[in-house]
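Positions are given from 1 along the sequence.
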Amino acid sequence: MENTTQEKKGYNSKDIESRFYNICQSRGYFEIDGNKHIQNGEKFCIMMPPPNVTGVLHIGHALTFTLQDIITRFKRMDGFKTLYQPGLDHAGIATQNVVQKQLAQEGISKESLGREAFIKKVWEWKEQSGGAILNQMRHLGITPAWSRLRFTMDKGLQNAVKKAFVQWYNQGLIVQDNYMINWCVNDGALSDIEVEYEQNLGKLYYLRYPIKNSTQALIVATTRPETFFGDSAVMVNPSDERYKDCIGKSVILPLLNREIPIIADLAVDMEFGTGCVKVTPAHDVNDYEVGKRHNLESITIFDEKGILNAYTGEFEGQERLEARESIVKKLESLGFVEKIEDYTNQVGKCYRCGSIVEPYISKQWFVKKEVAQEAIKKVNAGGLKFFPNQWLNNYNAWMRELKDWCISRQLWWGHRIPVWYCECGEKIACESDNPTCPKCNALITKQDEDVLDTWFSSGLWAFSTLGWGNIQESKDDENTESAKSAESALFTDSDLSDFYPNSLLITGFDILFFWVARMLLSGESLLGSLPFKDVYLHALVRDEKGQKMSKSKGNVIDPLEMISTYGADTLRFTLAILCAQGRDVKLSTQSCEISKNFINKLYNATQFLKLYASQQDEIQNKTFKAFKNLSEIEIQTPLGQYMFVRLQVAINEVRQALESYRFNDGASILYRFLWGEFCDWGIELAKASKDSVYELGAIFKTALLLLHPYMPFVTDWLWHSLNGSEIESADSIMIAPYPKAENVSEELSAIEQTFKVIEDVIISIRRLKAMLELGNANVEQVFVKLNISVDENMLKLFVEKLAKVTNLQIVKDKQMGCVCDVSDLSESYINLQGIDLSAILTRLNNQKAKLEKEIVKLQGMLGNENFIKNAPKAVLEQNTQALELAQEKYAKIQNELKTLTQS
């Protein structure tokens, strides 16, 4: 058989992946009806966590999308009507910052442009540069329904956001009020989970507050001395004997000469500092609650940009952190600083820009925490399953502490809050623009200036993408971006009923509270049911040492570079086989090399099968064309039957693994069967049973179907190679039915047992030959004692051929004068007559002596208390492992010497 030029070169991922991907996409295979000819009436829906429109593909994305695509391809091949919904998030803060920086380079500010012109600029940027990550996803081979691509600022989704807001507003679940919130001087209001806490090496300042009409002073300790201008009281614990006489008196605030009371409250920790605490209701979360309890004045001392105001006297106009040093110096010069100590504490920072977050009283929009109560009940009633299950406890722990959700953001880019203000004083929430005032019938033109938190719109993702709240829009919309989104905003009537609730959500555990919990509460509250049946949360991808990846460490792995070097199949399979539920993925180039070698093994197996098939056909004066499918042939040869049985086991196990989202187990099973059982044994045994090659080819094709969701490109290429077809003219493997296991008869089970014995004997004889340093040389005679009864003729046929034995003799008793190898199912004997063992014994004894010295040395080091106390942990582990390895080698040599000398 003539090999094509392509086959002679071997499998080249760069030549194959983009070509095969584009062909499959152009045929509509990725869409809901892409595999319509095998749909069985069942439905499957999974949502892509919409990456930021500003983002690039990182290794965490690669893991999420790989797992999503594996399960999607499996369900599609298994006959499910399948929707893998793609999309992008508008990423309010990040996107606005990107465009602002670009404009700043041109000397333009967003304020000089005005709101409408700035938003138009953002849309232009989005159309030209946003969403580069979508093309990067394609390199990974994922198969979402690209025709349904959604963007959280699409007109249709804007309508869904308005509908959700208005519904909650009318139910009293959205309110506007003054709250103590997290405030970033750059990015404005933040929710609690948008604040990242870091250890801070700061100072603890002890300030003197003179007691009115006394020569004494109270000493208060604070980490933020600049906030003392906003103090409304000094607080002590009512049980603190040191200060009982002070309660009810007043102190004079340094620099300002403002009188504030000394109050008692159980919130004071008597062990912290001096036991006296300053109360600043406008700038501390705990003080805010104290202020409400004691009716204290809330004094705001800086504005939204962190600039100190008139309450700070001579420091007005300075930035609050920059002013700290000069404020402390002034207090020191006047004797108001008792002492300053080093102090380590946790400081909240903005998850976007890293600025220190300030507690700040601000009038904002909030979703009341009561909105989540039914979702919490339904999750705990079993309405949803977490994989792994431990995340249910994490979910409950967070939901128990749930607070009202601050949803307003001080941005221009985003979903503008659909609240309108009439000149008559009326305020309404409305889905339509410029509504008519219900009170005075005037046209309302003033809308709330703020936009909604990005997570508000993405919290509707599980159903807004299916048409909930969307309307069909005119393609004649004057705005280009609106017109484009209108084209993708058209839904069929059945979308929501077909695919809500979604079947499964796969995402990283780190957005359980950012996104998953918010989708759960949104779906339940707005539609009456939880949005998912199952939620799979994967762990982090770390480097090979288990360290978190970061640019500063220089250990960041770029998935696009990995794809360029190894191919998408290699990266996908590596991520999947390493992704055990509940455990971090430790990724390394070595792991990728193993997967790459697996692909080479599959390629070589294909070439072997085709070569043997062509040789068999030449004997019959035929020209080899293609291997048939397994369903089209009858398995007759013992080897074919054995591989058929092992294939059924693999099919069952892989299906069970995928159905329970044990992606790593599925990959391991496929690796075990294809490499360990089919390639290492099936193809090896075929050398003694060449008439089985057509059966093996059909079995291998079925195994490629089984592997396809993990490795889509190489399986498709090999599928066509075995079929004698080309992707340009034939269907892809991706729309073939996924294998289902067949029943195995008792007769086939007996054949499987025979081949297990055959393999056991071959391995046993090869071990003996290795010990006797015979290499791969032919051995005249070998005796085998079997522990179970099998077809002896079949045993001799395969063992004599593959173990290179001229005469295999089955015996009942132990053979004297022979070297013996005992295995699980048999005992093998080679006669030592004519074999010079002196060189072998000398080598083994030398190795034994060397290992004895090494073991004594290592035992001495590990038994030395000073060494154990002073040696680094890594050195101790290294020496412990070295000792264990040396002891294993020593035991093996001892066993070999015993075998050789007693024979």
Can you check whether Tyr694 reaches Leu609 side chain to side chain, under 4.5 Å on heavy atoms?
no
Taking every heavy atom of Tyr11 against every heavy atom of Val714, the minimum-distance pair comes out as OH-N, 3.3 Å
Tested for ring-ring contact (aromatic ring centres under 6.0 Å, His included) against Phe387, the lone hit among Phe663, Tyr536, Tyr661 is Tyr661
Any donor-acceptor pair under 3.5 Å linking the side chain of Trp461 with the backbone of Trp515?
no
Here the gap from Glu742 atom CD to Leu630 atom CG, rounded to the nearest 0.5 Å, amounts to 6.5 Å
Between Thr465 and Gln85, does any side-chain donor sit less than 3.5 Å from a side-chain acceptor?
no
Look at Arg148 together with Asp495 and state whether they make a salt bridge at an N to O cut-off of under 4.0 Å.
yes
Cys592 and Met562 have their tightest heavy-atom pair at SG-CE, 3.2 Å
Determine, for Trp146 and Arg138, whether the Lys NZ or Arg CZ falls below 6.0 Å from the six-membered ring centre while staying within 45 degrees of the axis.
yes
The test is side-chain hydrogen bond (donor to acceptor under 3.5 Å, both in side chains); show your working for Thr574 and Ser595 and say whether it passes.
CA-CA 6 Å; Thr574 302; Ser595 298; 2.7 Å; yes
Taking side-chain contact (heavy atoms from CB on, under 4.5 Å) as the criterion, tell me which of Leu67, Leu504, Thr82 meets it with Ile46.
Leu504
Please find the pair of heavy atoms, one from Phe673 and one from Ala703, that lie closest to each other, and give the distance.
CE2-CB, 3.8 Å
Under a 4.0 Å N-O cut-off, is there an ion pair linking Glu659 with Lys75?
yes
Just by modelled atom types, is the Trp717 backbone N or O under 3.5 Å from a matching donor or acceptor in the His720 side chain?
no
Flag, side chain of Thr715 to backbone of Met711, donor-acceptor distance under 3.5 Å
yes
Calculate, to the nearest 0.5 Å, the distance between atoms CD1 and NZ belonging to Ile735 and Lys36 respectively.
13.5 Å
Using distance alone, with no hydrogens and no angle criterion, decide if Lys701 and Asn629 have a side-chain donor and acceptor under 3.5 Å apart.
yes
Evaluate Thr64 against His538 for side-chain hydrogen bond (donor to acceptor under 3.5 Å, both in side chains), listing each step before the verdict.
CA-CA 8 Å; Thr64 299; His538 64 72; 2.6 Å; yes
Is Phe151 close to Val53 at the side-chain level, that is, under 4.5 Å between some pair of heavy atoms?
yes
Decide yes or no for Ile71 and Pro709: does some side-chain heavy atom of the first lie under 4.5 Å from some side-chain heavy atom of the second?
no
Flag, side chain of Arg655 to backbone of Ala650, donor-acceptor distance under 3.5 Å:
no
Spell out, as yes or no, whether a donor-acceptor pair under 3.5 Å connects the side chain of Asp569 to the backbone of Phe713.
yes
Taking atom CZ of Arg583 as the centre, report whether more than 12 heavy atoms of other residues, nucleotides or ligands fall under 6.0 Å from it.
no
Against Glu653, only a single residue in Arg646, Arg672, Arg662 fulfils salt bridge (Lys or Arg N to Asp or Glu O under 4.0 Å); can you say which?
Arg672
Quick one: do Asn380 and Asn396 satisfy side-chain contact (heavy atoms from CB on, under 4.5 Å)? Show the steps, please.
CA-CA 8 Å; Asn380 284 281; Asn396 284 328; 2.7 Å; yes
Kindly determine whether Phe644 and Leu748 satisfy side-chain contact (heavy atoms from CB on, under 4.5 Å), including the steps that lead there.
CA-CA 9 Å; Phe644 175 81; Leu748 290 182; 4.1 Å; yes
With side-chain contact (heavy atoms from CB on, under 4.5 Å) as the criterion, how do Phe627 and Asn723 come out once you've worked through the C-alpha distance, each side chain's angles and the decisive distance to 0.1 Å?
CA-CA 6 Å; Phe627 289 99; Asn723 283 334; 5.7 Å; no
For residues Ser503 and Asp534, determine if any side-chain heavy atom of one lies less than 4.5 Å from a side-chain heavy atom of the other.
no
Side-chain atoms of residues 38-45: list all donor-acceptor pairs with protein atoms under 3.5 Å, sequence neighbours left out, distances to 0.1 Å.
from: Gln39; atom 1: NE2; to: Ile32; atom 2: O; distance (Å): 3.1
from: Asn40; atom 1: OD1; to: Glu42; atom 2: N; distance (Å): 2.9
from: Asn40; atom 1: ND2; to: Asp78; atom 2: O; distance (Å): 3.2

Taking atom CD1 of Ile599 and atom OG1 of Thr570, what is their separation to the nearest 0.5 Å?
3.5 Å
Does any N or O in the side chain of Ser129 come within less than 3.5 Å of the main-chain N or O of Lys126, such that one atom is a donor and the other an acceptor?
no
Is the closest basic N to carboxylate O distance between Asp498 and Lys81 below 4.0 Å?
yes
Rounded to the nearest 0.5 angstrom, the CG-CG distance for Leu460 and Leu466 is 12.0 Å
More than 12 heavy atoms from other groups under 6.0 Å of NZ on Lys378:
yes
If I compare all heavy atoms of Ile635 with all of Gln641, which pair ends up nearest, and what's the gap?
CG2-N, 3.3 Å
Report the distance from atom CG of Leu602 to atom CZ of Phe678, rounding to the nearest 0.5 Å.
10.0 Å
Do any N or O atoms from the side chain of Asn52 and from the backbone of Thr54 form a donor-acceptor pair under 3.5 angstrom?
no
Hey, can you tell me if Phe463 and Trp468 have their rings parallel, tilted or perpendicular (30° and 60° cut-offs)?
perpendicular
Between the side chains of Asp15 and Arg19, is the shortest nitrogen-to-carboxylate-oxygen separation below 4.0 Å, so that they form an ion pair?
no
Side chain Asn652, main chain Ala741, donor-acceptor under 3.5 Å:
no
Counting only N and O atoms by type, is there a donor-acceptor contact under 3.5 Å from the side chain of Ser588 to the main-chain atoms of Ser591?
yes
Quick one: closest heavy-atom pair of Pro50 and Leu88, and the distance?
CB-C, 3.6 Å
Begin with the C-alpha distance, continue with both residues' side-chain angles, and end with the deciding distance and a verdict on side-chain contact (heavy atoms from CB on, under 4.5 Å) for Lys586 and Leu578.
CA-CA 7 Å; Lys586 295 181 181 179; Leu578 294 175; 5.9 Å; no
Are Phe30 and Tyr21, when compared by the centres of their aromatic rings, separated by less than 6.0 Å?
yes
Could you check Glu759, Glu752, Lys756 and say which one makes a side chain to side chain donor-acceptor pair (under 3.5 Å) with Tyr642?
Glu759
Can you tell me how the ring of Phe386 sits relative to the ring of Tyr395, calling it parallel under 30°, perpendicular over 60° and tilted otherwise?
tilted
Tell me if the CD atom of Gln590 is crowded by more than 12 foreign heavy atoms within 6.0 Å.
no
What distance do Thr95 atom OG1 and Asp89 atom CG have between them, rounded to the nearest 0.5 Å?
8.0 Å
Hey, what's the ring geometry for Tyr710 with Phe573, parallel, tilted or perpendicular (30° and 60° as the breaks)?
perpendicular
Side-chain contact, heavy-atom cut-off 4.5 Å: Phe509 with Leu540?
yes
Flag side-chain contact, heavy atom, 4.5 Å: Val535 against Leu537
yes
Minimum heavy-atom separation for Ala698 and Ile633, please, with both atom names.
CB-CD1, 3.5 Å
May I ask you to decide if His90's main-chain N or O and Thr152's side chain share a donor-acceptor pair within less than 3.5 Å?
yes
Salt bridge flag under 4.0 Å for residues Arg542 and Asp584
yes
